K.L.:
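Pasting in a structure now, in structure tokens, and then I'll have a few things to ask.
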Amino acid sequence: MWAKQFQTGIYVLQYSTVGKKNAKMPGVMAEEIVVLKDGEVLTRTKGMLGISQEELSETKEFFILLPNDIFDREESSNIL
């Protein structure tokens, strides 16, 4: 598993991005993540949310990153 629990409800998430290999951040399990577009539900799933104080974009055009498979998950198998 890519997340290891270190306190009740808080996990250490390991991730890699351009310029960062095996980086870590705290995360929490969300009971429900709902992605909407123009009022339409695109997906509804459980999932891990990483918490960071770093800005994701210089232009502040977005504030969240989602896993690339979030739209492929089935309701019965969406627990990470």
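On a predicted model such as this, the values are computed, not experimentally measured, just so you know. Values below: all heavy atoms of this structure, side chains included; hydrogens, waters and symmetry mates excluded.
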K.L.:
Report yes if the side chains of Val34 and Thr43 come closer than 4.5 Å at any heavy-atom pair, otherwise no.
P.N.:
no

K.L.:
Could you pull out the closest heavy-atom pair between Ser52 and Met25, with the gap in Å?
P.N.:
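Closest pair (atom of Ser52, atom of Met25, distance): CB-CE, 4.3 Å.
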
K.L.:
Walk me through whether Glu32 and Lys46 qualify under salt bridge (Lys or Arg N to Asp or Glu O under 4.0 Å).
P.N.:
CA-CA 5 Å; Glu32 185 174 50; Lys46 285 185 178 181; over 6 Å; no

K.L.:
At what distance, to the nearest 0.5 angstrom, does CE of Met48 lie from CE of Met29?
P.N.:
4.0 Å

K.L.:
Where do Ala30 and Ile33 come nearest, in terms of heavy atoms and distance?
P.N.:
CB-CG1, 3.9 Å

K.L.:
Could you tell me which non-hydrogen atom of Pro26 sits nearest to which non-hydrogen atom of Ile10, and how far apart they are?
P.N.:
CB-CG2, 4.4 Å

K.L.:
Check whether any side-chain heavy atom of Leu36 sits under 4.5 Å from a side-chain heavy atom of Val41, and report yes or no.
P.N.:
yes

